[in-house]
Amino acid sequence: MCEMSKSLECEANGGDDKWVADSSLDYKGRLPLRASTGAWKASLFIIAIEFGERLSYFGIASSLIIYLTKVLHQELKTAARSVNYWAGVTTLMPLLGGFLADAYFGRYATVLLSSVIYVLGLTLLTMSAFVPSFKPCGGDDQVCPEARKSHEIIFFLAIYMISIGTGGHKPSLESFGADQFDDDHSEERKKKMSYFNWWNFGLCSGLLFGVTIIVYIQDHFGWGTADVILTAVLVVSVVIFVAGRPFYRYRKPSGSPLTPLLQVVVAAIRKRKLPLPSNPSLLHEFPRTANNAAHGRFLCHTQNLKFLDKAAVYEDKEGSAEKQSPWRLATVTKVEEMKLILNMIPIWLATLPFGVTIAQTSTFFIKQAANLNRKMGDGLILPPTTIFCLTAIGMIVSLTIYDKLLVPMLRRATGNERGINILQRIGIGMLFVIATMIIAALVEHKRLQVVAENPKTGSLTMSVFWLAPQFLIIGFGDGFAIVGLQEYFYDQVPDSMRSLGIAFYLSVIGAGSFLSSLLITVVDDITRRTGKSSWFGKDLNSSRLDKFYWLLAAVTAANLCVYILIARRYSYKNVQRRVCVADSNEDEARENGESMA
């Protein structure tokens with residue numbers, strides 16, 4: 001356990017509690033006043049723009065496969081691949097956006113810049129529906145055998161501009177919201193644990209409106225009208241975000257967060273032949289004094305990946321440690337940050353099958369809905385993507401139950417500040433995903449039986465609400481796994497990489513989308529060569545999605561076993577807390593993967 005003088009501990013959380021001492025600044029560049037900045041008063045503005053952005057995103061994403069097949073007339077498997085490629089780019093672009101936010105621009109500026117690009121993309125999308133030379137068809141009639149090439153170019157340019165906007169928006173905004181809570185203040189730290197739940201509540205609310213109201217407008221008033229509304233909503237959201245500027249806490253970009261990690265590797269290799277000291281306290285670290293607050297939070301030494309500890313070993317010829325090149329001598333904190341990144345790689349890989357299954361909700365699940373009876377009452381026909389709102393409802397219910405009922409009970413039962421640790425929460429979400437794929441396979445098998453029995457009407461005699469269980473259950477699973485991944489990658493990365501941390505979470509979904517496309521291609525090729533026909537035909541009725549879903553269920557179940565083994569061996573970030581011992585619970589901190597100072 002790390003040691004620090006008690007006077008420093010109490011000084012950091014004592015009489016000066018009205019000021020925030022976590023390296024953040026207010027909008028005038030001064031030390032922030034706790035009572036008038038940050039926490040929920042700032043986060044509400046941030047959640048508001050997230051609502052507007054997610055409304056715009058899901059208004060487009062949920063209907064994309066319908067647009068590609070009905071307006072651009074792509075085949076089912078081609079459209080599914082197009083959606084997966086776009087979703088993959090959209091969720092991998094945050095790796096670049098997060099890096100730029102952490103290293104150079106800062107999170108607030110990155111959100112504003114990416115929002116401008118986002119709005120330009122939406123504007124171009126709107127033009128593709130109204131400008132005569134950009135329309136899919138020559139006349140007012142929107143039904144034509146093949147869309148114009150000019151429309152395809154403008155359409156794809158617009159949605160990929162939205163991808164670029166999302167690339168800066170998503171990692172910067174979510175981490176900027178979490179930055180509003182002081183990790184060294186016990187009350188704000190607890191609020192921060194709820195922040196990710198309520199962030200996703202705002203996200204799901206945007207999703208819910210996007211797949212109901214916006215999709216209804218697309219279906220009854222046209223794609224262009226919906227695009228105008230989405231553009232206007234995002235513009236208003238950006239104005240609200242800017243209005244919250246005086247309430248925010250800001251962090252200065254600290255240069256490339258990758259350089260210190262590379263320095264640790266180089267220093268460890270250079271000193272690979274040196275022995276490690278028997279006592280870790282003999283390794284190099286900055287003095288733990290109030291004057292060293294600029295170095296950020298200190299991390300405690302851990303016993304894994306000991307080779308990297310050699311980067312913090314003093315050489316005999318060294319003089320003053322402060323004069324040494326960081327390429328020859330690293331601090332224990334920098335070494336531990338490198339260990340954090342390496343420890344994340346197995347977790348990231350083990351969550352990729354989860355990303356593959358999530359990709360099905362915006363492709364094949366929606367096409368299933370399009371082939372079922374969507375009539376409600378007298379003449380009302382639900383758009384296919386409206387069924388997606390059940391995922392949002394499931395996630396909202398899951399988050400509310402978890403935050404308001406389960407966490408308080410689990411805190412009392414386990415003594416853990418989080419209730420359960422982050423990786424346990426992700427694992428529970430994976431169980432829901434396996435159940436989703438099993439139920440989806442059974443429902444699709446039933447749908448194909450109905451098609452075989454009624455060749456003329458197909459599955460139109462089968463209600464769309466047969467799909468309700470799979471959408472609801474995956475929504476429940478997202479409330480555990482998605483939020484868990486967000487919290488894990490934000491919390492466990494080095495403090496200088498928190499925008500990148502959110503990007504790592506998004507990259508799980510993005511890489512999952514690409515892997516889903518690859519899997520479709522591989523399975524299509526194998527089943528065409530070895531069977532009577534491919535599992536992916538020209539339409540849903542000539543496909544065997546039920547077998548594909550069973551394959552995904554089996555892969556995800558096998559992967560969960562691997563994930564559990566990795567999670568049981570995982571070592572959490574070991575932070576030295578700047579709090580008074582009397583106000584802390586040592587066991588609770590250890591359970592959360594953190595050490596008290």
Side-chain angles (χ1 to χ4, degrees), residues 52-76 78-91 93 113-169 206-207 209-238 362-363 366-367 370 383-386 388 513:
E53 189 273 335
R54 289 291 89 181
L55 173 67
S56 299
Y57 176 81
F58 283 109
I60 297 165
S62 60
S63 299
L64 186 55
I65 195 165
I66 303 298
Y67 192 90
L68 294 175
T69 51
K70 285 193 172 182
V71 179
L72 299 187
H73 304 290
Q74 291 186 350
E75 289 186 357
L76 175 61
T78 305
R81 278 197 292 262
S82 296
V83 172
N84 283 329
Y85 289 144
W86 179 73
V89 170
T90 303
T91 44
M93 278 299 295
L113 178 61
S114 58
S115 295
V116 170
I117 297 172
Y118 207 127
V119 169
L120 290 175
L122 285 172
T123 303
L124 194 58
L125 193 64
T126 304
M127 290 172 62
S128 74
F130 288 109
V131 175
S133 58
F134 294 161
K135 286 183 176 183
C137 300
D140 295 331
D141 165 21
Q142 288 297 306
V143 179
C144 50
E146 187 177 356
R148 286 172 166 178
K149 199 67 180 176
S150 60
H151 176 76
E152 281 193 45
I153 293 171
I154 295 298
F155 176 79
F156 280 108
L157 178 61
I159 64 172
Y160 277 98
M161 281 185 70
I162 291 169
S163 291
I164 295 171
T166 304
H169 196 281
L207 187 159
F209 281 96
V211 300
T212 52
I213 295 174
I214 298 301
V215 168
Y216 181 84
I217 292 169
Q218 289 169 345
D219 215 40
H220 291 80
F221 299 96
W223 299 92
T225 305
D227 293 339
V228 170
I229 294 171
L230 295 178
T231 306
V233 167
L234 187 59
V235 169
V236 171
S237 299
V238 173
S362 58
T363 54
I366 299 300
K367 283 302 291 182
T385 49
T386 300
F388 199 77
S513 293

If you define the side chain from C-beta out and look only at heavy atoms, does anything of [X] sit under 4.5 Å from [Y]?
X	Y	result
Met93	Thr166	no
Met127	Ile154	no
Val71	Trp223	yes

Looking at [atom1] of [X] and [atom2] of [Y], how far apart are the two atoms once the value is rounded to the nearest 0.5 Å?
X	Y	atom1	atom2	answer
Phe130	Lys135	CZ	NZ	8.0 Å
Thr386	Ile213	OG1	CD1	10.5 Å
Ser237	Leu55	OG	CG	8.0 Å
His169	Ile117	NE2	CD1	11.5 Å

Task: Geometric class of the Tyr67/Phe155 ring pair [parallel <30°, tilted 30-60°, perpendicular >60°] - done: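 Phe155 vs Tyr67 ring planes: parallel.
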Open item on the list: So, using side chain to side chain contact (heavy atoms under 4.5 Å, CB included) as the criterion, who are the partners of Ala79 when residues are at least two apart?
Closed with: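 Only Ile65, Leu68, Thr69, Gln74 meet the side chain to side chain contact (heavy atoms under 4.5 Å, CB included) criterion with Ala79.
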Open item on the list: List the residues meeting side chain to side chain contact (heavy atoms under 4.5 Å, CB included) with Leu113, not counting sequence neighbours, and say none if there are none.
Closed with: none
Between [X] and [Y], what is the shortest heavy-atom contact and its length?
X	Y	result
Gly121	Ala158	O-CB, 3.5 Å
Gly168	Ser114	C-OG, 3.5 Å
Gly224	Thr126	O-CG2, 4.4 Å

Who pairs with [X] by ring pair (Phe, Tyr, Trp, His ring centres under 6.0 Å), at least two apart in sequence or on another chain?
X	answer
Tyr216	His220
Phe134	none
Tyr57	Trp86

Task: Test item: Glu53 side-chain N/O and Ser115 main-chain N/O as donor-acceptor pair under 3.5 Å - done: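 Pair absent, no side-chain N/O of Glu53 close to backbone of Ser115.
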Open item on the list: I'd like to know if the side chain of Ser150 reaches the main chain of Ser133, judged simply by a donor and an acceptor atom lying under 3.5 Å from each other, with no hydrogens or angles considered.
Closed with: yes
Name each donor-acceptor pair under 3.5 Å that joins a side chain in residues 225-236 to protein atoms two or more places apart or in another chain, with its distance.
from   : atom 1 : to     : atom 2 : distance (Å)
Thr225 : OG1    : Phe221 : O      : 3.1
Thr231 : OG1    : Asp227 : O      : 2.8

TODO: Please assess Ile214 against Phe58 for the test side chain to side chain contact (heavy atoms under 4.5 Å, CB included), listing each intermediate value before the final yes or no.
DONE: CA-CA 9 Å; Ile214 298 301; Phe58 283 109; over 6 Å; no
TODO: Could you please spell out the steps behind the side chain to side chain contact (heavy atoms under 4.5 Å, CB included) verdict for Ile159 and Phe156?
DONE: CA-CA 5 Å; Ile159 64 172; Phe156 280 108; 3.7 Å; yes
